[in-house]
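Notes follow once the structure below has been shown.
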Amino acid sequence: MVSKQRVFSGVQPTGKLHLGNYIGALKQWADHQDEYDNIFCVVDLHAITIPEAINPKLFRAKILEVAALYIACGIDPAKSTIFLQSQVPEHSELAWVLNCLTPLGWLQRMTQFKDKAGKSDSIGTGLLDYPVLMAADILLYDTQKVPVGEDQKQHIEFTRDLAQRLNTMFPEAKLVMPAPMIPPAGARVMGLDDPTVKMSKSIGETKKGHSVGLLDTPGDIKKAIMSAQTDSDNEARFDHCGPGVRNLLDLYLVLSGLSKHEIEEKFHGQGYGALKKGVLEQVMAAVEPVQARFNELTKDQAYLEETLRQGADRARGIAASTLKRVKEAIGFVV
Ligand code: AQP
């Protein structure tokens with residue numbers, strides 16, 4: 001029997017999870033769950049790379065909220081391993097080893113670092129080092145596929161470069177080369193208020209109308225979608241429209257499962273109001289069952305914590321064996 005390919009991915013427990021996180025990450029994880037051996041992690045160590053944002057009590061609640069959202073979005077713990085990154089110390093240990101092999105220039109070139117560093121007065125080393133920890137996350141599980149949004153493509157390329165470098169220096173490490181798995185549509189969901197920037201957790205925290213949070217009220221979701229920025233034309237066509245209309249069309253495409261042609265036919269001659277209503281219906285149809293399942297899960301913390309404990313046990317087994325291989329290859333006494 002051919003064994004399934006290994007998939008690994010994660011979301012940071014920061015801000016409110018939005019439609020971009022759902023379409024770029026969680027939905028594709030759930031949709032392909034039966035095809036792969038899946039490992040999904042709440043990357044809480046990544047979340048402290050902006051330490052000013054951390055409130056210990058809220059942080060703990062947010063970590064459990066994101067884990068519950070994984071399950072609410074359809075990740076089945078019977079089919080996929082779900083765990084908290086900080087409960088598997090091998091992530092930090094491999095990150096240290098990789099740090100020692102990473103040229104500083106590689107990190108300084110990362111687009112996400114430059115963007116985030118530009119918005120902050122004080123930059124912690126962790127923010128610069130974020131891609132190294134992400135590389136450790138992926139490489140620890142001999143991952144073949146990493147389902148992510150387009151914004152993470154550069155970090156996966158970085159991970160491949162680093163794996164190549166380590167394998168060249170220490171061939172017995174035998175790190176597996178991961179490939180990004182980017183959805184054909186919806187890989188970069190844009191802000192509803194400003195379709196020139198990607199829908200983002202941090203902007204969503206401060207700007208109403210920027211994002212649709214998976215746990216937002218129906219009223220807030222309606223307001224955000226119905227006031228989404230469009231353009232002065234009124235024809236909904238994939239090839240001839242501005243970025244705001246394209247964002248709405250892409251959302252409709254991913255969530256409805258219809259073809260581009262069917263969508264253009266459906267909204268032909270109806271103006272953008274009808275398109276927005278259509279998107280709203282699709283978004284509500286996606287979000288309502290997620291919210292219902294999330295509300296059930298929050299009543300059963302014991303189930304959630306047990307699921308995470310079991311997930312961490314399985315993850316630790318795989319991670320420990322990869323780390324041992326890498327340490328032996330380097331010459332550590334293990
Ligand atoms: N707008 C997006 N469209 C498609 N996919 C997206 N992802 C994030 N934003 C979009 C994907 O969601 C996964 C988890 O994201 P994360 O928490 O690791 O990364 P992030 O980039 O920090 O998320 P945000 O929303 O952009 O937060 P801030 O504002 O704090 O920077 C990843 O697979 C990512 O590709």
Side-chain angles (χ1 to χ4, degrees), residues 7-32 38-54 59 62-63 65-67 69-70 73 75 85 110-120 126-127 130-131 133-135 137-138 143 145-159 178-207 210-215 224 228 243-244 246-248 250-251 253-255 283 286:
V7 150
F8 175 93
S9 199
V11 171
Q12 298 182 76
T14 51
K16 62 172 187 178
L17 264 64
H18 51 66
L19 271 185
N21 302 127
Y22 177 69
I23 293 170
L26 296 161
K27 183 179 184 304
Q28 48 157 358
W29 302 357
D31 287 351
H32 296 284
N38 315 284
I39 302 189
F40 298 125
C41 176
V42 177
V43 289
D44 50 2
L45 294 173
H46 284 274
I48 62 168
T49 51
I50 311 267
E52 299 79 6
I54 301 298
F59 184 39
K62 182 57 75 177
I63 291 169
E65 177 186 298
V66 172
L69 270 172
Y70 282 12
C73 286
I75 314 300
Q85 184 188 30
M110 291 290 115
T111 311
Q112 185 171 295
F113 170 70
K114 288 196 273 187
D115 282 355
K116 292 198 175 181
K119 290 180 195 149
S120 177
L127 187 63
Y130 182 110
L133 181 59
M134 182 166 161
D137 299 341
I138 295 167
T143 302
K145 296 254 164 73
V146 190
V148 282
E150 204 179 64
D151 58 321
Q152 293 299 326
K153 202 170 156 200
Q154 193 185 35
H155 286 163
I156 313 291
E157 278 158 14
F158 171 92
T159 301
M181 197 168 134
I182 295 178
R188 193 173 184 84
V189 176
M190 307 308 279
L192 293 169
D193 60 335
D194 178 359
T196 63
V197 298
K198 101 177 165 129
M199 189 176 281
S200 141
K201 292 198 208 105
S202 47
I203 302 178
E205 285 286 284
T206 52
K207 270 178 94 185
H210 168 77
S211 66
V212 166
L214 295 180
L215 299 176
R246 181 61 201 239
N247 196 31
L248 291 171
D250 280 343
L251 285 172
L253 181 74
V254 180
L255 296 173
V283 169

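Atoms within each ligand, like the ligands themselves, are counted from 1 in listed order. Worth saying up front: this structure is predicted, and the values here are computed from it rather than measured.
- Remark: ligand 1 atoms within the under-4.0 Å shell around heavy atoms of G186 are 4 (C).
- Looking only at heavy atoms of the protein, atom 32 (C) of ligand 1 is closest to Q152 CG, 4.0 Å.
- Expressed to the nearest 0.5 Å, how far CD1 of I75 lies from OH of Y70 amounts to 8.5 Å.
- Residue V148 has no nitrogen or oxygen atom sitting less than 3.5 Å from a nitrogen or oxygen atom of ligand 1, judged on distance alone.
- Against a heavy-atom cut-off of under 4.0 Å, M199 is close to the following atoms of ligand 1: 1 (N), 2 (C), 9 (N).
- Closest to atom 4 (C) of ligand 1, if we only count protein heavy atoms, is A187 O, 3.2 Å.
- Looking only at protein heavy atoms, the nearest one to atom 22 (O) of ligand 1 is Q12 NE2, 2.9 Å.
- Q85 and D137 are linked by a side-chain donor-acceptor pair at a separation below 3.5 angstrom, with hydrogens and angles left out of the test.
- At a threshold of 4.0 Å, the pair K198-D151 counts as salt-bridged, since one of the basic side-chain nitrogens sits closer than that to a carboxylate oxygen.
- At least one donor-acceptor pair under 3.5 Å links the side chain of N247 to the backbone N or O of M190.
- Between K153 and E150 no salt bridge is recorded (no basic side-chain N to carboxylate O distance below 4.0 Å).
- Looking at H155 and T111, their side chains never come closer than 4.5 Å, going by heavy atoms from C-beta outward.
- In M190, neither the side chain nor the backbone holds a heavy atom less than 4.0 Å from any atom of ligand 1.
- Residues Y22 and V212 fail the side-chain proximity criterion, which asks for heavy atoms closer than 4.5 Å.
- The shortest distance between side-chain heavy atoms of V283 and L255 falls below 4.5 Å.
- Within the 4.5 Å cutoff, the side chain of H210 has no heavy atoms near those of the L192 side chain.
- Only the side chain of H18 comes within contact range of ligand 1, with a heavy atom under 4.0 Å; no backbone atom does.
- Nearest protein heavy-atom contact of atom 21 (O) of ligand 1 is K198 NZ, 3.0 Å.
- At the top of the distance list for atom 3 (N) of ligand 1, counting protein heavy atoms only, stands V189 N, 2.9 Å.
- If you number the atoms of ligand 1 from 1 as listed, the ones under 4.0 Å from a heavy atom of K116 come out as 22 (O), 28 (P), 30 (O), 31 (O).
- No N or O atom of E150 sits closer than 3.5 Å to an N or O atom of ligand 1.
- Near S202, the atoms of ligand 1 lying under 4.0 angstrom from a non-hydrogen atom of the residue are 28 (P), 29 (O), 30 (O).
- A distance of 12.0 Å separates NZ of K62 from CD of Q12, quoted to the nearest 0.5 Å.
- Using a 4.0 Å heavy-atom cutoff, T14 is absent from the residues neighbouring ligand 1.
- With distances taken over non-hydrogen atoms, the option nearest atom 12 (O) of ligand 1 out of V146, I203, N21, L19 is N21.
- At the shortest separation from atom 13 (C) of ligand 1 among protein heavy atoms lies A25 CB, 3.7 Å.
- For the pair K119 and D115, the salt-bridge criterion is not met [side-chain N within less than 4.0 Å of a carboxylate O].
- Remark: minimum distance from atom 14 (C) of ligand 1 to any protein heavy atom is reached at V11 CG2, 3.6 Å.
- Those atoms of ligand 1 with a heavy atom of G149 less than 4.0 angstrom away are 5 (N), 33 (O), 34 (C), 35 (O).
- Looking at G20 next to ligand 1, an N or O pair under 3.5 Å apart turns up.
- Closest protein heavy atom to atom 23 (O) of ligand 1: K201 NZ, 3.6 Å.
- For I48, the CD1 atom counts as loosely surrounded, since its 6.0 Å shell holds 12 or fewer non-hydrogen atoms of other residues, nucleotides or ligands.
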